[in-house]
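What follows is one structure encoded as structure tokens, with my remarks underneath.
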Amino acid sequence: MRVCVVGLGIQGKKRKAIAGRDVVATVDPVAPDVEYKQIESVPLEDYDAALVCTPDQAKLDILRYLLANNKHVLVEKPLLAEDESELRELLELARRTGTTCYTAYNHRFEPHIAHLKQTLSSGALGQIYLARFFYGNGTALDVKRSVWRDAGIGVASDIGSHLLDMALFLFGDVDPQFTVWSFDCLENRACDHVLFGSRASKPVIEFETTLLSWRNTFTADVYGELGSAHVNCLCKWGPSAYTVRKRIFPSGRPTEEVEVIESADPTWALEYEHFKRLCLTGEGNIENDIWINSVLKDIARQVGEGVL
């Protein structure tokens, strides 16, 4: 498959490295050493798909152009719109042209997140009561120095969208009623710490994410009637541990199985191969984007901000 990388910032450079020989063109209005300044300048006969790694505000117009011209698209998360109809327009355009529009949420391919999904699907934990996630990094100053990232609802959309997608991946049909419990702008103009969740969902879901965790940290804790499962750390920050505990009735110290992985981040390459397979069928995930966008818009409404 011949791909064009649109946007050659941090994410675009990662995508370009993973796609390797598939890359036939790069596009960026300001970056040096690219072949084109605008996607419209790339001859349509030269490529089959595009990896869109641009600022959020530029994505919708670029996606409309690509899908209308029968090009498959992988776009960096989140895919947001102030008006949901714009996302539904993309969905109908992709269906009409038989093209794939796939928003990248690479943590679905994290080994221990995949293991957690398998554990849940097996029913080993019984009825799931509570799921609690924390995702923190120390990028507050990087975001503040960015010309476009320190805006909207900040980390609530940037990393919060990852957590919302994870809930869809792990639990399927999740109630979209989420409540903001804490929304803080501690170092940044936009939110750099947020705590939110859903008590309407089954399981109860609690999310916390921040740009002020000086040691990058990820934890997932899922509690069920028969036991619990725990992810501690992502592979990119490794080592990453996955623990499954079996409940002892009526009470007592549970039995425990622990698996530890220490490896480079495999998620980008796995996701790119997944995208290429989707392109064979025209399958995409814009329905997930519509759900995530609706939750983030409601969070923005609760805190009196715009989603973008």
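The shown structure was predicted, so the numbers you read here are calculated from the model rather than taken from an experiment. Sequential numbering from 1 along the given sequence is applied to the chain's residues.
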Are side-chain heavy atoms of [X] and [Y] found at a separation under 4.5 Å?
X    : Y    : answer
L90  : L79  : yes
E89  : R64  : yes
R253 : I248 : no
V194 : I153 : no
T243 : R245 : yes
D192 : V143 : no
P176 : W291 : yes
D298 : F178 : no

I would like to know whether E271 and R15 meet salt bridge (Lys or Arg N to Asp or Glu O under 4.0 Å); could you show each step before the answer?
-> CA-CA 10 Å; E271 184 173 57; R15 294 290 176 194; 3.0 Å; yes
List the steps and the verdict of side chain to side chain contact (heavy atoms under 4.5 Å, CB included) for L211 and N137.
-> CA-CA 5 Å; L211 304 179; N137 63 39; 3.5 Å; yes
Considering non-hydrogen atoms only, spot the tightest contact between [X] and [Y] and give its length.
X    : Y    : value
T99  : T97  : OG1-OG1, 2.7 Å
F183 : C191 : CZ-CB, 3.3 Å
L51  : A19  : CD1-CB, 4.1 Å
D33  : T26  : O-OG1, 4.2 Å
K59  : P78  : NZ-O, 2.8 Å
D158 : S161 : O-OG, 3.2 Å

Is the shortest side-chain N to carboxylate O distance from R88 to E84 below 4.0 Å?
-> yes
Salt bridge present between E305 and R189 (N-O < 4.0 angstrom) = no
Please check if [X] and [Y] belong to a single hydrophobic cluster, counting links between Ile, Leu, Val, Met, Phe, Trp and Tyr side chain heavy atoms closer than 4.5 Å.
X    : Y    : answer
I18  : F275 : yes
V307 : L87  : no
Y36  : V73  : yes
F207 : L130 : no
I159 : L170 : yes

Would you say [X]'s side chain and [Y]'s backbone share a donor-acceptor pair under 3.5 angstrom?
X    : Y    : answer
T139 : D142 : no
Q11  : C53  : no
D150 : N188 : no
W181 : E206 : no
D83  : S85  : yes
E225 : Q127 : yes

For [X], does the [atom1] atom sit with more than 12 other heavy atoms under 6.0 Å from it, leaving out its own atoms?
X    : atom1 : answer
K236 : NZ    : yes
K246 : NZ    : no
I10  : CD1   : no
Q177 : CD    : no
E257 : CD    : no
K144 : NZ    : yes

Side chain to side chain donor-acceptor pair (under 3.5 Å) with D22: of K16, K276, R2, only one passes, and it is K276
If I take atom [atom1] from residue [X] and atom [atom2] from residue [Y], how far apart are they, to the nearest 0.5 angstrom?
X    : Y    : atom1 : atom2 : result
T267 : L234 : OG1   : CG    : 8.5 Å
T179 : R199 : OG1   : CZ    : 8.0 Å
K77  : D165 : NZ    : CG    : 10.0 Å
T103 : N293 : OG1   : CG    : 10.5 Å
D48  : C4   : CG    : SG    : 11.0 Å
M166 : I205 : CE    : CD1   : 11.5 Å

Do E110 and H115 pass the side chain to side chain contact (heavy atoms under 4.5 Å, CB included) test, and can you show the C-alpha distance, the side-chain angles, and the key distance before you say yes or no?
-> CA-CA 9 Å; E110 182 72 25; H115 292 169; over 6 Å; no
Could you check whether the rings of [X] and [Y] sit parallel, tilted or perpendicular, using 30° and 60° as the cut-offs?
X    : Y    : value
F133 : F218 : tilted
Y102 : H274 : perpendicular
H112 : Y242 : parallel

Would K117 and R108 count as a side chain to side chain contact (heavy atoms under 4.5 Å, CB included) if you check the C-alpha gap in whole Å, the side-chain angles of each, and the deciding distance to 0.1 Å?
-> CA-CA 9 Å; K117 172 69 171 177; R108 287 187 175 219; over 6 Å; no
Show the numbers, then the answer: is there a side chain to side chain contact (heavy atoms under 4.5 Å, CB included) between N288 and Y105?
-> CA-CA 11 Å; N288 286 5; Y105 282 98; over 6 Å; no
Answer yes if the ring centres of Y47 and H72 are under 6.0 angstrom apart, and no otherwise.
-> no
